[in-house]
Amino acid sequence: MDYQKLIEKAKETHSLERAEIISLLQATDQQEELAAAADCVRREFVGDAVHLRGLLEFSNICRQNCLYCGLRRDNDRVERYRLSEDEILDFAAKAKSYGYKTLVMQSGEDLHFTVDIMTKILRQIKAMGMAITLSIGEKSYEEYQVYKAAGADRYLLRIETTDKALYEKMDPGMSFANRVRCLRDLKSLGYEVGTGSLVGLPGQSVESLADDILFFKALDADMVGIGPFIPNSDTPLKDEPGGSFERSRRLVSLLRLLLPEANIPATTAMETLNKNARVIVLQSGANVVMPNVTEGDYRRKYALYPGKICISDTPAHCRGCIGGKIASIGRYVADDQGFRQKNL
Ligand code: SAH
Ligand code: SF4
């Protein structure tokens, strides 16, 4: 197989056959050529700006039971917390003071946050002049509609895997069809939609990863976040091997080639596996980083997976650290809200 030819084809046409995606994902060499092509397409389509999104982990209480996740409801070893409305608004105001233009509000599926409570919070954060991304799981069309009207601009909901049988095994009690329904509803309501995959789930095939990419393309995803699965000792998957950094990075590069205008983050889970990950991934196709703005002990308690970076750092430290990394590779922090630019 002539991988270089495939990389050139993806770079020129932003389109590959399923079999071609599979062979590029399977290959272990030509990683740097793939990353360089993705870096070139990144520069051409989304430029040198890096968008920072402040990530606020506002509750680790969850009604779902995803096998891979430390916040699953059956895990009684995680110390549960839920921020008050005042704490959320305080952290949001601080995020703004560090210069973040977007607040990403992420949590488990915590039913305490009713439509009324969420709407009140969203309105107040919106009034601060921030773009808002929600990442709070599966809701009804009506609920997504109310949040949009209250000021939410974007929504993150990973498909995790497009292998339906694997999805339903990994997420007991959840249905693949409903996950897809949520993503379609969010798109039709005018949200910028972020989705993505967990790489290295037990039993996940390379073919299904290629299908993930084709799914993101068909959905016209505005943002795609890729993270390696990291086994958590408090979950049923504790003895599984976990995903690889290089495989995740290959996926990021392929995504940039095939969805050239998408916003693609260098994810925190990548940095758990490689301490220079954010810099490497920003040079392999990514253009977004989501620094943590959760303060104090909450950060440690939001334990999706072990080895989470920077759990004892302050948000101010994180802002300085990531700014330095971005400048060190000749890039700059964007000063706009970083909505997707549509060129195609
Ligand atoms: N409850 C919401 C948002 C919080 S979970 C939701 O599920 O959409 C956010 C993401 O964390 C999930 O989409 C999943 O991809 C990731 N995650 C959970 N457990 C993980 C693990 N063990 N390793 C890596 N990522 C994990
Ligand atoms: Fe809950 Fe999200 Fe974790 Fe699933 S991945 S258990 S929905 S927090």
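Order of appearance sets the numbers: ligands from 1, and atoms from 1 within every ligand. Computed over heavy atoms, backbone and side chain alike; hydrogens, waters and symmetry mates excluded.
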What's the shortest distance from [atom] to any protein heavy atom, and which residue and atom give it?
| atom | result |
| --- | --- |
| atom 18 (C) of ligand 1 | Tyr68 CD1, 3.7 Å |
| atom 25 (N) of ligand 1 | Leu198 CD2, 3.3 Å |
| atom 16 (C) of ligand 1 | Arg158 NH1, 3.8 Å |
| atom 1 (Fe) of ligand 2 | Cys62 SG, 2.3 Å |
| atom 23 (N) of ligand 1 | Ile230 N, 3.0 Å |
| atom 3 (Fe) of ligand 2 | Cys69 SG, 2.4 Å |
| atom 12 (C) of ligand 1 | Glu160 OE2, 3.3 Å |

Counting N and O atoms only, with roles assigned by atom type, does the side chain of [X] sit under 3.5 Å from a partner on the main chain of [Y], one being a donor and the other an acceptor?
| X | Y | result |
| --- | --- | --- |
| Arg249 | Val281 | no |
| Arg43 | Ala38 | no |
| Glu87 | Leu83 | no |
| Asp163 | Leu166 | yes |
| Arg80 | Asn60 | yes |

ask   = What about the rings of His51 and Tyr100, do their centers lie closer together than 6.0 Å?
value = no
message = Counting only heavy atoms from other residues, nucleotides and ligands, does the tally under 6.0 Å from CZ of Arg184 exceed 12?
response = no
Can a non-hydrogen atom of [X] be found less than 4.0 Å from any atom of ligand 1?
| X | value |
| --- | --- |
| Tyr155 | no |
| Leu304 | yes |
| Arg179 | yes |
| Gly227 | no |

ask   = Which atoms from ligand 1 have a heavy atom of Tyr302 less than 4.0 Å away?
value = 4 (C)
key: Atoms of ligand 1, numbered as shown, that sit under 4.0 Å from any heavy atom of Ser135   = 3 (C)
query = Within the structure, does at least one protein heavy atom fall under 4.0 Å of atom 6 (S) of ligand 2?
reply = yes
task = State whether a side-chain donor-acceptor pair under 3.5 Å links Gln106 with Tyr302.
result = yes
task = Find out whether the Lys NZ or Arg CZ of Arg154 is both under 6.0 angstrom from the six-membered ring centre of Phe339 and within 45° of the ring's axis.
result = yes
ask   = In terms of atom number and element, which parts of ligand 2 are under 4.0 angstrom from non-hydrogen atoms of Gly108?
value = 8 (S)
key: Enumerated ligand 2 atoms positioned under 4.0 Å from heavy atoms of Arg72   = 6 (S)
note = Value for OH (Tyr3) from OG1 (Thr28), rounded to nearest 0.5 Å, stands at 7.5 Å
query = Which is closest to atom 1 (N) of ligand 1 in terms of heavy atoms, Gly137, Pro306, Ser107, Pro228?
reply = Ser107
message = Going by the closest heavy atom to atom 9 (C) of ligand 1, which one wins out of Arg63, Met174, Gln64, Gln106?
response = Gln106
task = State, yes or no, whether a side-chain contact exists between Asn292 and Pro315 at a heavy-atom distance under 4.5 Å.
result = no
query = So, for Pro265 and Met223, which heavy atoms are closest and what is the spacing to 0.1 Å?
reply = CG-CE, 3.8 Å
query = Counting backbone and side-chain atoms alike, does Cys66 have an N/O/S atom under 2.8 Å from atom 4 (Fe) of ligand 2?
reply = yes
